[in-house]
There are 2 protein chains.
Amino acid sequence: MTTKPARSKRATVHDVALEAGVSRGTVSRYVNGERYVSAAAREAIEAAIAKVGYVPNTAARNLVMQRTQAVGFIVHEPHSLFVEDPNIGEILLGANTRLSEADHQMAVLIVDTERDTDRVARYLSGGLVDGVIIVSARADDPITRVVERLQLPAAYVGHPPGAASTASFVVIDNRGAARSITERLAATGRRRIGMIAAALDRDSGADRLAGFREALGDAFDEALVEPVPLYSYSAGRDGMRRLLERAPDLDGVFAASDAVAAGAIEAIKESGRQVPDDIGVVGFDDSAWARRTTPPLSTVSQPAAGLGAGAAELVLARLHGEDPPAERRLDCEIVWRGSA
Amino acid sequence: MTTKPARSKRATVHDVALEAGVSRGTVSRYVNGERYVSAAAREAIEAAIAKVGYVPNTAARNLVMQRTQAVGFIVHEPHSLFVEDPNIGEILLGANTRLSEADHQMAVLIVDTERDTDRVARYLSGGLVDGVIIVSARADDPITRVVERLQLPAAYVGHPPGAASTASFVVIDNRGAARSITERLAATGRRRIGMIAAALDRDSGADRLAGFREALGDAFDEALVEPVPLYSYSAGRDGMRRLLERAPDLDGVFAASDAVAAGAIEAIKESGRQVPDDIGVVGFDDSAWARRTTPPLSTVSQPAAGLGAGAAELVLARLHGEDPPAERRLDCEIVWRGSA
DNA sequence: GCAATTTCTGTGAACGTACACAGAATGCCA
DNA sequence: TGGCATTCTGTGTACGTTCACAGAAATTGC
């Protein structure tokens, strides 16, 4: 008696063919649901597949088909932000849902360190994804360059990093929304309105500031704008402290994101002032933060899941050889709660 | 003049060999950093690779190597929870960091609908991952069964879903931590301590309740335990409302998670009581919620990133043919803030 | 009842890589 | 100079699938 193999090898299309008494080609046709498979063959193949436990090998299929049915979801963020910013999670889920409907898999690629950059670049170059969704890219990004060089079908969520002819962008109307909510804040009777402007190196940050400036018109005062690097709680808190020191007579503030607004509220309370009585605060994103502050935030509701879904649609369209619009702009809604 | 090809094909190892005037084998050896490549050949190959822009095709390599250098990260959660629960994000990042160090890619697989189940099962069966990390699996899970059937090296974060000989588990000491924090709460002089017990169908939920019961000993009162289905804010708020109605004399409460605790605090304030003066509240997880409530939560700090990293290590060990321990238990720390 | 069509099937090639093996070149020592 | 170990190289095969093609079988039309 010979020793039985330690690990039973996976069944291949060949094994099924042998078991069913037909050829590889016929099995392949059956598996891919093509026409021209006789009833007899079909039954024999079904039985054989069940018996040997056949599952197609995707790597082999990918190799010959030259596609993978997978889309990369690239996030370039410091890890902490990925955790803190609920929008990214929702964008991811929105994209995943749409991709899943189209029978595509999502590979999440987080780029933080130098090392990640290399690995992700290798992964993309290796032909394991048909296209990519890119979230919050910076202007001069090695990953972006790799994507462009490979001519990989791409859709960006947010900031368009330079001109890339092969890419589409799905964005929200940051400027319009910032203008609307600032106008709304002004309409509550505030006279000295400041802004904590975050991430000015990105389109989103710059556009929100532009909208703010537009809304105030002549009343705009450069000195009441406090720039901070990130959309984070601590940046908001620190920025607000500085702003209050500079302008103690402030009675309204537009924070560039809810996380920033939450930090700002802490700083305001710290200083002994009341929200919204002394200072009205509005945020941006309608993230989980917005319902957790006291009072809850008036803010801009950002269709995060819609952004993800939109990006997925744009990539899928490209994969199907269509030529989708270069930009898709989603509207935002203002949600008025208690903070202003 | 002939038309140039619309899309230039990717360069293969064959093209490089031709360009460098050597054979496929030699190029392959160079690319994989093997010995026995002459200096002359090396230089020629380097030049050729640069010239034709060669990148190895991972699908082809996967096929012949019978491995993919990728690990699946499976989350079975309703979408909303994935977004709300910051621990999952941190677990993901912890795992990603460790996998990335070991040059492995992570494929995120979110299982929510029936449809997801099929797709993920197909993906796993297709041989695109060498192993999996599974977060918050339920007891009778189709995905878990697929993983077991495929004998895929696996590591579970949290709940061990039945006996699976091929898997390892990385868990936190839920029971011990629940006991500690309940004792600590009791030590502040509380006499009527209740618990909002969430997700009792999971080990984590059941163990936290067990630790609570252990800590109180004879003082334990079944009537002061309010079970809720999920670790969510709204579940906590609703549960606390019911508990307060049933036991208006309550002076302490252990919430099964920070999100639950945050909801509980809202309900307590709603009822006109003060935290911590009238009722002391403690949570579990030390998530982002903990620092956002007023007052900030006393809670159990859960090493979420450590859980992810631990799971990654266990899977990697299995992939290297080692036989890691079946369970790795991580300790938690108690963080005392203002809520009790 | 024979040609023309439609349905069905098997075979060989290709995808791009890794690996085993045979054999060529080189170096060393007696 | 011959023998032998060492370094290097090229060729053929395998991985598991899809696809094109040729040809067999069944069905149709007159």
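Since the model is a prediction, treat every value here as computed from it, not as a measurement. Note on naming: letters A, B, ... go to the chains in the order of the sequence lines (proteins, then strands), and numbering restarts at 1 for each one.
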Please give, in whole Å, the distance from C/dG16 P to A/Arg61 CZ?
18 Å
With the side chain defined as heavy atoms from C-beta on, B/Arg24 is closest, among D/dT18, D/dT13, C/dG16, to D/dT13
Which sits closer to the 5' end of DNA chain C, A/Gly21 or B/Ser28, going by the nucleotide each is nearest to?
A/Gly21
Can you find a side chain N or O atom of A/Gln66 that sits less than 4.0 Å from OP1 or OP2 on D/dT18?
no
Could you check which of C/dG16, D/dT17, C/dT17 has an atom nearest any side-chain atom of A/Thr12?
D/dT17
Protein-nucleotide distance (B/His14, atom NE2; D/dG12, atom P), rounded to Å
12 Å
A/Asp15 atom CG is separated from D/dG16 atom P, nearest whole Å, by 9 Å
Side-chain contact check for A/Thr26: nearest option of D/dT9, C/dG16, C/dT9 is C/dT9
Which value, rounded to the nearest 0.5 Å, describes the distance between A/Ile49 atom CD1 and A/Tyr30 atom OH?
5.5 Å
Any sub-3.5 Å donor-acceptor pair from B/Asn32's side-chain atoms to B/Ser28's backbone N or O?
yes
By nearest atom, which of the nucleotides D/dT18, D/dG10, D/dC8 is closest to the B/Ser38 side chain?
D/dC8
What integer distance in Å separates A/Glu34:CD from D/dA20:C1'?
12 Å
With a 4.0 Å cut-off on heavy atoms, is A/Arg35 in touch with a base, just the backbone sugar-phosphate, or nothing at all?
sugar-phosphate
With a 4.0 Å cut-off, would you call A/Arg145 and A/Glu148 a salt bridge?
no
Round to a whole Å and report the spacing from CZ of A/Arg10 to P of D/dC15.
14 Å
How would you label the contact of B/Val31 with the nucleic acid (heavy atoms, under 4.0 Å): base, sugar-phosphate, or nothing?
nothing
For residues A/Ser100 and A/Thr97, is any side-chain donor paired with an opposing acceptor at under 3.5 Å?
no
Does the A/Ser168 side chain pair with the main chain of A/Pro325, one donor and one acceptor, at a distance under 3.5 Å?
yes
Rounded to the Å, how far apart are B/Ile45 CD1 and D/dC8 P?
12 Å
Rounded distance [0.5 Å steps], CZ in A/Arg122 versus CG in A/Leu124
11.0 Å
Heavy atoms only, 4.0 Å cut-off, all strands: where does B/Ala41 land among base, sugar-phosphate and nothing?
sugar-phosphate
Rounded to the Å, how far apart are A/Gln69 CD and D/dT17 P?
16 Å
Could you tell me the separation between the CG atom of A/Asn62 and the P atom of C/dT17, rounded to a whole number of Å?
14 Å
Treating B/Asp130 as the side-chain partner and B/Val71 as the backbone partner, does any N or O pair qualify as donor plus acceptor under 3.5 Å?
no
Picking from D/dG16, C/dC8, D/dT7, which would you name as closest to the side chain of A/Tyr36?
C/dC8
Across the strands shown, which category fits B/Tyr30 at heavy-atom distances under 4.0 angstrom: base, sugar-phosphate, nothing?
nothing
Just so I know, are the side chains of A/Thr117 and A/Ile143 near enough to count as touching, which here means a heavy-atom distance under 4.5 Å?
yes
Looking only at the side chain of A/Asn32 (C-beta and beyond, no hydrogens), which of the listed nucleotides D/dT9, D/dT18, D/dT17 gets closest?
D/dT18
Checking D/dG16, D/dT18, D/dT9 against the side chain of A/Leu63 (C-beta onward), the nearest is D/dG16
If you assign A/Val13 and A/Arg29 each to the DNA chain D nucleotide with the nearest heavy atom, which residue ends up on the more 5' nucleotide?
A/Val13
From the list D/dA20, D/dC15, C/dG16, which nucleotide is the closest neighbour of the side chain of B/Ala60?
C/dG16
Five pairs per end, C1' atoms only: what is the angle between the end axes of the helix from C/dG1-D/dC30 to C/dA30-D/dT1, to 10 degrees?
40°
